[in-house]
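Below is one structure, written out as structure tokens; the observations come after it.
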Amino acid sequence: NSRRDSFYLEYQPIIDKEGNIHAFEALARIYDKILGRISPMEFIDIAEKRHLIVELGRIILDEACSFIKQLQDKGWYNVSVSVNISAIQVLRDDFLTDLKFAINKNQIPSENLILEITESVYAKNLEVINNQLSKAQLLGIRSAIDDFGTGYSSLSREREIAADMIKIDKFFLDQLLLKDEKDLITSDIINLAHKLGQKAVAEGIEHLSQLEYLKKNNCDYYQGYFFSKPVVASKAIELLDSNDFKYY
Ligand code: C2E
Ligand code: MG
Ligand code: MG
């Protein structure tokens, strides 16, 4: 608590086919005076091991919902925020209560909240997670399978997952720069998502050539440094106001 000031969220835009910002992914940050910037990969992992992730997860969820409220107040009614959720959080009995609490406290439409859960977590706990996410869906909350393609879940089970979108891992975006188009399976992942009635989101887009491939293959949403790095809330709102992505 004493160091709460060094903890904050950054937001990275997720762009739709028309070049509008569809959503922001909330990414946790710690800046320490002595240690400098600490990666979320590092501190989320520590928070999980020290059993602090439930409390931290609630703080993150509240902060993200309060950003949705800010967006609503500024008239950005259709811009969603997507929040990364740890396995420990989603597997708890009180997860739905936490979601409802954050939504009610910040007085936001639940349709503007997206939950991101990494594929390896789905693969290990399919039934419990499906159950939780189905309940969240009844409230209007959407969900996404993060880092898709790296969790080694079998395809036969993939179709059982109750997610609204898949986020294609950066690995498959990097492949676009290395391989011949005929040897790529990135487009097959997009097709798989569509066959299952899900939207496909590509993350880690850094180059125009990657974007061109994705557009050609009908990918629904785009995220990466090519558009914008994660930025603080005030800068994220500036991005909405400037609407710079229309002409990429
Ligand atoms: P993730 O959810 O897959 O997030 C995407 C990561 O890719 C972010 O790193 C983002 O900054 C980075 N990224 C986005 N576009 C590009 C790009 O074009 N090029 C490159 N090289 N990287 C890009 P970040 O912020 O360091 O987060 C790393 C991971 O930490 C996240 O992966 C997520 O698993 C975890 N994480 C971050 N925030 C939270 C949180 O609030 N809660 C939980 N449970 N996990 C979090
Ligand atoms: Mg994510
Ligand atoms: Mg990811």
Side-chain angles (χ1 to χ4, degrees), residues 7-15 21-31 36-68 80-92 95 98-99 102 113-122 129 142-151 163-177 189 199-211 214 219 221-233 235-236 239 245 248:
F7 178 83
Y8 59 101
L9 295 183
E10 282 188 340
Y11 299 92
Q12 187 178 32
I14 299 171
I15 313 297
I21 297 180
H22 171 71
F24 288 100
E25 178 173 4
L27 293 155
R29 300 286 178 252
I30 288 180
Y31 185 83
R37 233 182 118 114
I38 305 165
S39 162
M41 309 258 240
E42 208 173 325
F43 69 77
I44 295 287
D45 191 49
I46 294 172
E48 286 175 349
K49 289 193 176 115
R50 300 269 178 92
H51 306 287
L52 298 167
I53 193 66
V54 175
E55 201 40 50
L56 183 61
R58 287 190 186 119
I59 294 172
I60 291 168
L61 196 58
D62 180 48
E63 186 82 23
C65 290
S66 127
F67 181 59
I68 296 176
S80 301
V81 172
S82 137
V83 182
N84 293 285
I85 304 290
S86 288
I88 298 170
Q89 289 174 273
V90 68
L91 294 173
R92 283 171 62 96
F95 181 60
D98 287 355
L99 287 177
L113 181 63
I114 305 169
L115 309 173
E116 289 192 15
I117 295 159
T118 193
E119 190 192 8
S120 54
V121 170
Y122 273 103
I129 293 186
R142 284 172 291 161
S143 60
I145 310 176
D146 204 353
D147 311 318
F148 186 86
T150 60
D164 302 280
M165 30 183 121
I166 63 169
K167 296 191 78 170
I168 305 168
D169 194 78
K170 185 173 183 300
F171 171 83
F172 297 99
L173 278 287
D174 293 341
Q175 293 291 305
L176 302 181
L177 304 169
I189 299 178
K199 302 280 186 197
V201 188
E203 62 179 348
I205 304 171
E206 293 179 350
H207 303 279
L208 181 63
S209 63
Q210 294 169 316
L211 179 62
L214 294 163
C219 185
Y221 300 112
Y222 313 97
Q223 179 182 4
Y225 295 170
F226 179 81
F227 297 101
S228 168
K229 289 199 168 182
V231 295
V232 294
K235 188 84 208 311
L239 289 178
F245 305 114
Y248 59 77

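Just so we're clear, the structure is a prediction, and the values are computed from it rather than from any experiment. Each ligand, and each atom within it, is numbered from 1 in the order the structure gives. Positions are given from 1 along the sequence.
Protein heavy atom nearest atom 32 (O) of ligand 1, with residue, atom name and distance: Asp146 OD2, 4.7 Å. Shortest contact from atom 13 (N) of ligand 1 to any protein heavy atom: Tyr225 CE2, 3.7 Å. Protein heavy atom in closest approach to atom 42 (N) of ligand 1: Asn84 O, 3.3 Å. Protein heavy atom nearest atom 35 (C) of ligand 1, with residue, atom name and distance: Pro40 CB, 4.4 Å. The protein non-hydrogen atom at the shortest distance from atom 6 (C) of ligand 1 is Leu27 CD2, 4.8 Å. Counting protein heavy atoms only, atom 5 (C) of ligand 1 is closest to Glu203 OE1, 3.8 Å. Protein heavy atom nearest atom 15 (N) of ligand 1, with residue, atom name and distance: Gln12 NE2, 3.0 Å. Among protein heavy atoms, the minimum distance from atom 29 (C) of ligand 1 is reached at Met41 SD, 3.8 Å.
Heavy atoms from both the backbone and the side chain of Ser86 come within less than 4.0 Å of ligand 1. Using a 4.0 Å cut-off between heavy atoms, Gln223 makes no contact with ligand 1 at all. Contact annotation: for Val83 versus ligand 1, there are no heavy atoms closer than 4.0 Å. By the criterion of a heavy-atom distance under 4.0 Å, the side chain of Glu25, and not its backbone, is placed next to ligand 1. Residue contacts with ligand 1, taken as heavy atom pairs separated by less than 4.0 Å, involve Ile44 solely via side-chain atoms from C-beta onward.
Counting only distance, with no hydrogens or angles, the side chain of Glu119 and the backbone of Asp146 share no donor-acceptor pair below 3.5 Å. Of the possible donor and acceptor atoms, one in the side chain of Asn84 sits under 3.5 Å from a partner among the backbone N and O of Ala26. Put simply, the side chain of Asp164 gets close to the backbone of Ser143: a donor and an acceptor are under 3.5 Å apart. Formation of a donor-acceptor pair under 3.5 Å by the Gln89 side chain with backbone atoms of Ser86 is found in this model.
In terms of heavy atoms, Pro230 sits closest to Tyr225 at CD-CE2, 4.1 Å. The two atoms that bring Tyr122 and Ile117 nearest to each other are CE1-O, 3.2 Å, heavy atoms only. For Cys219 against Ala200, the heavy-atom pair with the smallest separation is SG-O, 3.5 Å.
Under the 4.0 Å distance rule, the nearest protein heavy atom to atom 45 (N) of ligand 1 falls inside the cut-off. For atom 22 (N) of ligand 1, the protein comes within 4.0 Å by at least one heavy atom. Atom 11 (O) of ligand 1 lies below 4.0 Å from at least one non-hydrogen atom of the protein.
Checked by distance only, ligand 1 and Arg29 come closer than 3.5 Å through their nitrogen or oxygen atoms. Taking any N or O of Ser39, backbone or side chain, none lies under 3.5 Å from an N or O belonging to ligand 1. At least one N/O-N/O distance between Ala28 and ligand 1 falls below 3.5 Å. The shortest N or O to N or O distance between Glu206 and ligand 1 is under 3.5 Å.
The distance from ligand 1 to the heavy atoms of Asp147 drops below 4.0 Å at these ligand atoms: 3 (O).
The N, O or S atom of Asp146 lying closest to the Mg ion (ligand 2) is OD2. Taking the N/O/S atoms of Glu116 in turn, the shortest distance to the Mg ion (ligand 2) belongs to OE1. The Mg ion (ligand 3) sits nearest to atom OD1 when only the N, O or S atoms of Asp147 are considered.
Put simply, Ser82 stays out of reach of the Mg ion (ligand 2), with no N, O or S atom under 2.8 Å from it. In summary, Glu203 places no N/O/S atom under 2.8 Å from the Mg ion (ligand 2), failing the contact criterion.
Of the candidates His22, Glu25, Gln12, Glu116, Ser82 forms a side-chain hydrogen bond (donor to acceptor under 3.5 Å, both in side chains) with just one, namely Glu116. Results of the side-chain contact (heavy atoms from CB on, under 4.5 Å) test with Phe227 over Ile21, Ile14, Leu211 single out Leu211 as the only residue that passes.
Considering only residues two or more places apart in sequence or on other chains, Arg58 meets the salt bridge (Lys or Arg N to Asp or Glu O under 4.0 Å) condition with Glu55, Asp94, Asp98.
Proximity annotation for atom 41 (O) of ligand 1: of Asp45, Ile60, Asp169, Val90, Ile60 comes nearest, heavy atoms only.
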Apply side-chain contact (heavy atoms from CB on, under 4.5 Å) to residues Leu9 and Val232 and explain how you reach the verdict. CA-CA 7 Å; Leu9 295 183; Val232 294; over 6 Å; no
Could you walk me through whether Leu99 and Leu113 pass side-chain contact (heavy atoms from CB on, under 4.5 Å), step by step? CA-CA 10 Å; Leu99 287 177; Leu113 181 63; 4.2 Å; yes
So Glu10 and Lys235, salt bridge (Lys or Arg N to Asp or Glu O under 4.0 Å) or not? Walk me through it. CA-CA 9 Å; Glu10 282 188 340; Lys235 188 84 208 311; over 6 Å; no
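Under a 4.0 Å heavy-atom criterion, Glu10 is not in contact with ligand 1. Contact between Lys229 and ligand 1 is absent, with no heavy atom of the residue lying under 4.0 Å from the ligand.
Using cut-offs of 30° and 60° on the angle between ring planes, the pair Phe67 and Phe24 is perpendicular.
Rounded to 10°, the angle formed at the Mg ion (ligand 2) by OE2 of Glu25 and OD1 of Asn84 is 90°.
Using a 4.5 Å cut-off on side-chain heavy atoms (C-beta onward), Phe226 and Leu208 make contact.
Separation of the Tyr31 and Tyr8 ring centroids does not fall under the 6.0 Å cut-off.
Taking a cutoff of 4.0 Å between a charged side-chain nitrogen and a carboxylate oxygen, Glu203 and Lys167 qualify as a salt bridge.
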